[in-house]
Number of protein chains: 2
Amino acid sequence: MATIKDVARSAGVSVASVSRVLNKGPKVSQKTIENVLKVVKELNYSPNANARALVTQKSTTIGVVIPELVDPFFASLAHGVEQVARKKNMQLLLSTGLVSAATEMQAINLLIERRCEVMVVHSKKLSDETLIELANNVPGLVLIDRYIEAIAHRCVWLDNLEGGKIAARHLLALNHQSFACISSKHQIDDPLLRLQGFQSELQSAGADIEESLIEYGEPTLQGGEMATQKLLASGKHFSALFVYNDAMAIGAISTLEDNGFKVPSDISVLGFDDVLLSRYSRPKLSTLNYPIEEMAMQAANIGLELTAKRPTNTSDVNCKHIPRLVKRESTSFKQ
Amino acid sequence: MATIKDVARSAGVSVASVSRVLNKGPKVSQKTIENVLKVVKELNYSPNANARALVTQKSTTIGVVIPELVDPFFASLAHGVEQVARKKNMQLLLSTGLVSAATEMQAINLLIERRCEVMVVHSKKLSDETLIELANNVPGLVLIDRYIEAIAHRCVWLDNLEGGKIAARHLLALNHQSFACISSKHQIDDPLLRLQGFQSELQSAGADIEESLIEYGEPTLQGGEMATQKLLASGKHFSALFVYNDAMAIGAISTLEDNGFKVPSDISVLGFDDVLLSRYSRPKLSTLNYPIEEMAMQAANIGLELTAKRPTNTSDVNCKHIPRLVKRESTSFKQ
DNA sequence: TTGAAAGCGTTACCAT
DNA sequence: ATGGTAACGCTTTCAA
């Protein structure tokens with residue numbers, strides 16, 4: 001592969017001149033420009049981004065750490081980051097496959113070695129302390145879907161507790177009195193907080209939810225189906241079901257209808273996340289919108305600010321997001 | 001950020017020694033290893049991947065070019081590549097946002113500048129000639145979802161024509177006689193070939209499909225809904241509907257049921273792709289499985305072979321994939 | 001306007 | 001086993 005020296009030699013100029021025309025530097029004669037450009041084309045020259053990164057000390061790269069790509073939720077996250085990357089003429093380096101604290105750490109370290117200017121990190125396993133230290137060492141690091149007091153201005157997160165409350169209020173307003181809930185068995189804060197918010201709001205309204213009407217499952221279609229079967233097996237009555245996420249909610253609806261319950265006339269079902277899926281289900285899923293793409297864009301922009309020379313006052317931006325109720329067809333007034 | 005020199009100085013050894021312990025090179029005393037490792041931790045040293053790439057002439061990067069991340073189909077593609085990247089301890093560089101030949105070219109060029117060892121490219125807009133020339137210049141470049149004779153062994157593709165035929169055979173075997181079809185208005189080969197295969201197989205069986213029962217739309221839920229409305233508006237009867245992709249098929253089912261048609265008892269609907277969505281729909285969608293993830297893995301592996309020193313004989317591998325019928329609930333025997 | 005040369009952070013070869 | 005140093009491909013300062 002041709003180097004800048006090859007171009008310089010072939011064009012009969014110095015490497016400095018070639019560099020100048022390539023970077024639209026100042027003071028280059030039109031003649032040199034044309035000459036160099038011609039040779040560049042002839043030799044099929046492509047500048048080596050690694051060499052350039054080394055000398056300029058900037059990689060023009062935004063790193064993203066997510067558990068996996070196929071989950072549409074994380075795909076949206078990556079997409080959000082990608083949009084700001086494109087706008088800034090930067091590129092996306094992806095580090096995925098997170099199942100443990102160790103692999104999360106590894107993913108982050110890879111991005112550090114690449115010297116990404118900004119890093120948008122989705123970490124559920126790493127400890128607060130680890131993340132804080134990391135943030136102190138990496139100027140452009142921003143956390144998404146996680147809140148840590150000490151680095152609050154570098155956390156972009158969703159208020160899951162409030163989400164649970166909004167869910168409860170919606171179902172309450174629909175005149176429901178007997179509730180069930182399907183949560184995730186994954187050991188992260190999100191499901192706990194959602195359930196907690198849901199219960200607390202119920203209690204404020206004088207309602208409650210029986211312990212036996214709370215089920216746990218994998219956050220997938222199948223997990224939702226299985227949890228619903230267990231719920232049904234209990235024989236207990238309920239008219240409203242709040243589910244951890246959309247995939248589980250769709251699995252729940254499926255099982256409910258297979259067992260002769262109509263949604264929403266017999267049972268209202270409310271999901272969480274508002275992924276693409278929810279618009280494709282029948283009945284269309286009522287859910288809470290998780291604006292992950294916008295949040296990802298915000299995170300990336302914060303990272304950019306952080307690494308910028310002129311530090312704009314970014315400390316007062318609001319990084320807390322509240323999910324928004326999206327009323328579709330799976331919830332209705334209880335007669 | 002600390003460099004290897006800092007570590008060397010602080011550890012009282014040469015940079016060469018530091019490099020050796022970091023790369024587990026031969027002939028280093030246990031004492032030096034421990035010493036260096038200690039300092040590395042103290043200084044929070046992280047090797048600069050750009051510098052390393054420059055001197056070793058390898059970036060340990062696999063590049064992927066796709067139109068966008070949020071489409072689950074392309075997310076699966078990226079996921080496939082990512083899996084082989086992880087296995088090889090390489091990383092994923094993503095270049096997206098393709099709408100025109102120009103942006104596709106740009107995306108590819110970025111990956112070239114980064115000196116990706118292998119590149120898995122999904123291009124629909126670039127000409128055969130351009131792609132062939134590119135392939136000649138970039139050893140590790142592999143095309144996915146596209147077939148070009150001249151570089152056949154570097155193309156991993158799906159036989160869309162055969163897919164259309166399989167669809168026709170399935171519907172025919174189900175005793176259907178009157179057909180409709182929804183295709184994509186996007187100007188790429190895929191929809192054309194699928195339709196062509198479908199029609200040709202129909203004709204071989206003495207059946208046919210009326211011109212007015214072929215509709216076109218955007219390859220989305222809404223596109224499927226609109227196309228179905230137009231189909232219905234024609235007033236013509238049909239008992240089997242073959243749709244360009246799963247999203248459109250789900251939109252079609254939705255519109256069909258809203259208009260009083262039962263799927264599959266009144267009308268059978270067959271999708272294409274077998275994305276996650278198809279398992280979540282009600283009725284569950286019968287469709288043709290597009291093994292994009294495996295194909296992506298194969299593409300990445302071919303790229304790896306191509307750039308390997310010892311050129312394994314890769315020219316005889318089969319890069320053509322045939323979609324597989326997945327019979328679920330949206331198609332049934334016509335009484 | 002142009003060129004020479006230093007230097008970015010590594011690795012790898014050659015000495016010792 | 002260890003150290004010195006050239007080289008990787010580029011940008012940028014300093015002179016001319």
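Lettering of chains follows the sequences in order, A, B, ..., and the numbering in each one begins at 1.
Annotation: ring-ring contact (aromatic ring centres under 6.0 Å, His included) contacts of A/F73 (sequence neighbours excluded): A/Y290. Shown here are the salt bridge (charged side-chain N to carboxylate O under 4.0 Å, His left out) partners of B/K88, two or more places apart in sequence or in another chain: there are none. Among residues two or more places apart in sequence or in another chain, the ring-ring contact (aromatic ring centres under 6.0 Å, His included) test is passed with B/Y45 by none.
The interatomic distance linking A/N50 (CG) with C/dG7 (P) rounds to 22 Å, in whole Å. Distance B/I33 CD1 to D/dT2 P: 9 Å, rounded to the nearest Å. Atom C1' of nucleotide D/dT12 and atom NZ of A/K58 are separated by 13 Å, given to the nearest angstrom. As a whole-Å value, the separation of B/D6 CG from C/dC8 P is 11 Å. The distance between atom CZ of B/R9 and atom C1' of D/dT2, rounded to the nearest whole Å, is 18 Å. Atom C1' of nucleotide C/dA6 and atom CG of A/L54 are separated by 13 Å, given to the nearest angstrom.
In this structure a side-chain-to-backbone donor-acceptor pair under 3.5 Å is present from B/R154 to B/P139. A side-chain donor-acceptor contact under 3.5 Å links A/E104 to the backbone of A/L126.
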Heavy atoms under 4.0 Å is the rule here; annotate nucleotides 10-16 of chain C 5' to 3' with B where the base is hit, S where only the sugar-phosphate is, and - elsewhere.
BBBB---

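Judged purely by distance below 3.5 Å, without hydrogens or angles, the side chains of A/E294 and A/H321 never pair a donor atom with an acceptor atom.
B/L134 is listed as a side-chain neighbour of B/L131, based on a closest heavy-atom distance under 4.5 Å.
You'll find that the side chain of B/Q57 is closest to D/dC8, out of C/dG9, C/dT1, D/dC8.
Between B/R146 and B/D128 there is a salt bridge, with a side-chain nitrogen of the basic residue lying less than 4.0 Å from a carboxylate oxygen of the acidic one.
Sorted by first and then second residue, the pairs that involve residues 106-128 of chain A and meet ring pair (Phe, Tyr, Trp, His ring centres under 6.0 Å), not counting sequence neighbours, are A/F74-A/H122.
Axis orientation changes by 40° from one end of the helix from C/dT1-D/dA16 to C/dT16-D/dA1 to the other, with each end axis drawn from 5 pairs and the value rounded to 10°.
Between A/S29 and C/dT2 there is a side-chain N or O to OP1 or OP2 distance below 4.0 Å. Under 4.0 angstrom from either OP1 or OP2 of D/dT2 there lies no side-chain N or O belonging to B/S14. The side chain of B/S17 contributes no N or O atom lying less than 4.0 Å from OP1 or OP2 of D/dA1.
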